[in-house]
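Have a look at the structure below before the remarks.
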Amino acid sequence: MSENFEPVIVGFLCNWCSYRAADLAGTARLKYAPNMRPIRVMCSGRVDPQFVLKALRNGADGVMIAGCHPGECHYVSGNIKALRRFVLLKKMLRQLGVEEERVQLVWASASEGIILAEKVDKMTAEVRALGPLNWNKTVLGGNGHPVVKAEPVAEEV
Amino acid sequence: MNEEKVGVYVCHCGTNIAKVVDVVDVATWAGEQPNVEVAREYKFMCSSLGQELIEQDIKEKGLTRVVVASCSPHMHEKTFRGACERAGLNPFLFEMANIREHDSWITDDKVAATQKAKSLTNAAIARVVHHQPLEPIPVEINPNTLIVGGGIAGITAALELADAGNHVYLVEREPSIGGHMAQLDKTFPTLDCSACILTPKMVDVGQHANITLLTWSEVEELDGYLGNFTATVRKKARYVNEEVCTGCGICIEKCPAKVLDEVFEVGMGTRKVIYRPFPQAVPKYPVIDKENCIYFLRGKCKACELFCPTEPNSIDFTQKDEILKLQVGNIILATGYDLFDVKRIPQYGYGRLKNVFTSLEFERMVNASGPTDGKIVLRDGKTPPASVAIVHCVGSRDENYHKYCSKICCMYSLKFAHLVHERIPDAEVYNCYIDMRTPGKGYEEFYHRLLEEGTNFIRGKVAEITDAPRIPAEEGKLVVQVEDTLIGRQRRVPVDMVILSPAMEAKPDSKEVSQLFKMGCDFDGFFTERHPKLDPVATMTEGIYIAGACQGPKDVPESVVQGAAAAARVAGLINRGTVMMEPVRANIDQDKCSGCRICNNMCPYNAIVFHEDRHVSEVITALCQGCGTCVAACPSGIITGAHFTNDQVFSEIEGILWDVRPEKVLA
Ligand SMILES: Cc1cc2nc3c(=O)[nH]c(=O)nc-3n(C[C@H](O)[C@H](O)[C@H](O)COP(=O)(O)OP(=O)(O)OC[C@H]3O[C@@H](n4cnc5c(N)ncnc54)[C@H](O)[C@@H]3O)c2cc1C
Ligand code: FES
């Protein structure tokens with residue numbers, strides 16, 4: 001791990017709460033780690049586990065999924081669906097050897113710019129401590145598993 | 001690969017972005033990315049010149065896609081979509097990269113910020129190539145409006161809309177409308193009597209054919225969206241039949257039980273257990289306070305029922321809460337404010353030192369129909385004070401409590417000084433202030449009037465209020481310890497009475513209310529407007545507006561302005577009749593659906609139906625709200641979420657990771 005490793009984290013932020021929390025953090029000029037790169041989705045329920053895997057495969061060191069607090073989803077319960085999927089996804093990632101801290105689900109309401117900023121700072125520090133993910137090596141090449149030998153599989157976009 | 005011509009526009013936002021992000025570098029770099037036809041940077045993309053730049057390029061260079069890297073899409077997505085549309089490009093072939101709120105405003109690290117700006121811009125470029133032209137969906141606006149909160153802001157909004165011929169439901173939590181203004185005596189700077197200007201408006205509301213007034217009621221649930229909301233309202237049992245009650249007040253007179261009035265009289269006076277908060281209350285029907293009613297407590301009394309002269313009797317001990325479902329197109333929230341709890345500053349002695357009062361207590365005291373009939377007296381109820389200190393900025397402009405300036409307290413503190421001079425001409429009055437803030441028409445003049453009336457102004461923050469004397473002159477007095485910063489010395493001012501002017505703060509339940517109505521509130525709990533300057537009464541949620549002190553500290557004239565402004569916004573929508581909604585909706589490919597029904601239970605709106613005959617599921621577009629939960633759940637990947645398709649998001653992910661992608665992305 002290089003000394004000045006800065007992790008890249010992809011954030012999937014729901015349009016109604018977390019994206020606005022991030023807007024508010026900016027408007028309030030809160031300073032926090034610029035490592036999280038946000039992608040807007042209408043609801044955390046839209047976050048397909050494939051999005052997370054895609055980001056990790058494409059070089060992200062971590063993925064943050066952020067939505068409204070349980071019970072506050074703009075679409076009633078999308079975030080609960082996101083939570084259920086997240087639990088399964090985590091199980092799978094654990095089996096692949098991806099550390100727990102690399103994929104996080106957080107809740108931040110539109111008024112919680114501070115909370116969102118704090119969560120990003122915390123996650124950035126955690127992933128920084130873990131070092132780069134390097135999916136091709138860690139997941140496909142580590143733990144004695146052979147790196148996929150065949151032609152790189154074209155992605156099922 | 002798509003052959004698209006993308007135009008990329010990087011905004012400086014004055015220096016808001018350009019100070020941290022190297023916008024020239026971002027634009028030059030963007031110009032070299034695949035599909036990008038032209039990339040420019042410009043001072044203010046949202047200005048008309050900035051927009052014209054886009055329009056011109058679309059026309060002259062034949063752009064098929066547009067990306068603007070600037071502020072949050074919640075700020076200007078509409079603006080730029082408009083520019084595209086004017087130049088003949090479908091507005092949905094546009095994408096925005098948020099390099100201000102999410103980038104330049106959150107870091108001082110120029111290198112990291114510029115890198116992030118490139119990532120976000122590149123994500124937008126990668127995504128926009130996959131965008132599809134979409135047509136907005138027309139939605140009809142239900143002409144009825146719900147207004148929550150019957151203070152002066154809510155009253156104004158209700159009257160404006162109702163006078164223009166629209167139906168309004170006004171929901172107020174307390175037994176009467178009026179809000180804080182009903183508690184005030186005189187109003188600055190003109191000192192007209194609050195009740196005299198408020199009561200006629202309240203009566204208008206009560207009698208208006210277009211207003212359904214629901215007091216002693218609260219909104220419990222909200223469903224729907226702009227144009228078609230359904231609000232579930234609980235109308236609490238009054239135990240008084242509004243159909244027959246004439247509001248004669250005999251029941252109140254005869255009721256044998258008295259309790260301290262903690263709400264309207266802020267603990268300064270008593271009320272009966274069957275009561276109206278104040279004589280001019282609207283509506284006039286009283287309420288029975290069940291908690292303290294002798295009949296409800298002990299099963300005996302019913303004095304009110306006994307003396308009620310109406311036929312049939314208006315008292316109904318069996319009344320139950322009613323649940324109403326209101327269909328409305330728009331909602332205005334005017335839920336007002338509360339005052340900072342002065343007990344949180346123990347060194348000011350409130351509660352411990354009996355002659356320390358709060359501002360609202362003083363308002364009630366000076367009010368001719370208040371508990372002391374308008375006489376300014378100490379807690380003993382008879383002694384007029386010979387000296388009064390008024391403490392400004394209690395809990396406001398204070399790092400430990402509220403950082404903000406509560407804006408109206410200087411003015412009402414001056415008003416108090418005037419009222420003391422008026423009622424007790426010999427009294428010495430001390431106003432301890434940090435800075436005198438009197439912007440407003442006639443406000444500074446009012447301050448000068450007080451200077452002439454002989455008020456002692458001490459510039460300094462009060463450190464402590466104590467009853468421990470150091471010299472004989474302080475014996476039996478309240479001593480205000482304050483550093484007079486104009487003479488640079490500590491002073492101890494002995495007085496008989498202290499009035500604390502606490503900050504206006506958000507209602508304790510403002511967060512829950514903002515969640516119920518699916519809009520935001522800020523760190524302090526005040527509701528967040530769509531734009532702090534240009535859209536002060538709209539919220540981020542279409543169809544929900546805010547007015548009055550629920551948005552931030554405000555005096556009566558400003559609350560009235562906002563009430564009227566919110567009403568005008570709603571009236572505009574009602575007038576239009578139909579508005580266009582974002583076409584972000586799900587769609588199931590009927591040919592490929594395997595009929596597994598996994599999506600059926602995902603939808604919170606029951607917008608997915610299953611056709612038993614064809615064994616496929618289908619989305620009812622009119623019901624779908626576009627959350628995309630079903631899209632993510634479909635195991636065959638054949639549900640498309642318009643404007644958030646898998647293609648679009650996958651490309652966005654690739655684009656955002658342009659600088660860290662491994663050479664070969666393996667499965
Ligand atoms: C001591 C003092 C003196 C003042 N003197 C002056 C003055 O001289 N001149 C001046 O211009 N201004 C003065 N003000 C300011 C004035 O009180 C406010 O500007 C004004 O009352 C704000 O009106 P509003 O309608 O926004 O809020 P409010 O008056 O607070 O009304 C809000 C209403 O909404 C209701 N409500 C709240 N939540 C809900 C809910 N969830 N559901 C249903 N109903 C709800 C409340 O019961 C209330 O009736 C003074 C304020 C104070 C504290
Ligand atoms: S809209 Fe925020 S999680 Fe559903």
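Each chain gets a letter, A, B and so on, in the order the sequences are listed, and its residues count up from 1. Keep in mind the model is a prediction, meaning the values are calculated, not measured.
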Nearest heavy-atom contact between A/Y75 and B/P604 is O-CG, 3.1 Å
Ranking A/P38, A/S77, A/A55, A/C17 by heavy-atom pairs under 4.5 Å to chain B gives rank one to A/P38
What one should report as the nearest heavy-atom pair of A/R37 and B/I656 is NH1-O, 2.7 Å
Less than 4.0 angstrom from a charged side-chain N to a carboxylate O is my criterion; do A/E112 and B/K511 meet it? yes
Separation between CZ (B/F527) and OG (A/S111), nearest 0.5 Å, reads 10.5 Å
Whatever's closer than 4.5 Å to a heavy atom in chain B on A/T27 counts as both
Contacts satisfying salt bridge (charged side-chain N to carboxylate O under 4.0 Å, His left out) that involve residues 81-91 of chain A (not counting sequence neighbours) are A/K90-A/E100
For B/P73 and A/Y19 the tightest heavy-atom approach is CD-OH, 3.2 Å
Note: vs chain A, highest number of non-hydrogen pairs under 4.5 angstrom among B/I106, B/L657, B/V660, B/L120 is B/I106
Under 4.5 Å to a heavy atom of chain B? For A/D61 that would be neither
So, the part of A/F12 with a heavy atom under 4.5 Å from chain B: the answer is side chain
message: A side-chain contact here means heavy atoms from C-beta on lying under 4.5 Å apart; do B/E654 and A/K54 qualify?
response: yes
Among residues 625-635 of chain B, residues within the sub-4.5 Å heavy-atom range of chain A, in order of number, are B/Q625, B/G626, B/C627, B/G628, B/T629, B/V631, B/A632, B/A633
One option among A/C14, A/A21, A/G59 has the most heavy-atom pairs under 4.5 Å with chain B, and it is A/G59
Output for pair (A/L13 CG, B/N98 CG), nearest 0.5 Å, gives 10.0 Å
Honestly, the part of A/I114 sitting under 4.5 Å from a heavy atom of chain B is both
Honestly, the part of B/N601 sitting under 4.5 Å from a heavy atom of chain A is backbone
Applying ring-ring contact (aromatic ring centres under 6.0 Å, His included) to B/F92 and not counting sequence neighbours gives B/H643
So CG of A/N58 and CZ of B/F650: to nearest 0.5 Å the spacing works out to 10.0 Å
Would you say the side chain of A/R40 lies within less than 4.5 Å of the side chain of B/H74, judging by non-hydrogen atoms?
yes
Distance col, row A/H74:NE2 vs B/Q515:CD, nearest 0.5 angstrom, shows 13.5 Å
Cut-off 4.5 Å, heavy atoms of chain A, and the answer for B/N16 is side chain
So, the part of B/M602 with a heavy atom under 4.5 Å from chain A: the answer is both
Q | Within 6.0 angstrom of A/K31 NZ, more than 12 heavy atoms from elsewhere | A | yes
Residues passing the salt bridge (Lys or Arg N to Asp or Glu O under 4.0 Å) test with B/K592, sequence neighbours excluded, are B/D589
Whatever's closer than 4.5 Å to a heavy atom in chain B on A/A33 counts as backbone
Separation between NZ (B/K116) and CE (A/M36), nearest 0.5 Å, reads 5.5 Å
Among A/V8, A/N134, A/D48, A/I39, the residue with the most heavy-atom pairs under 4.5 Å to chain B is A/I39
Here the gap from A/L30 atom CG to B/F523 atom CZ, rounded to the nearest 0.5 Å, amounts to 5.0 Å
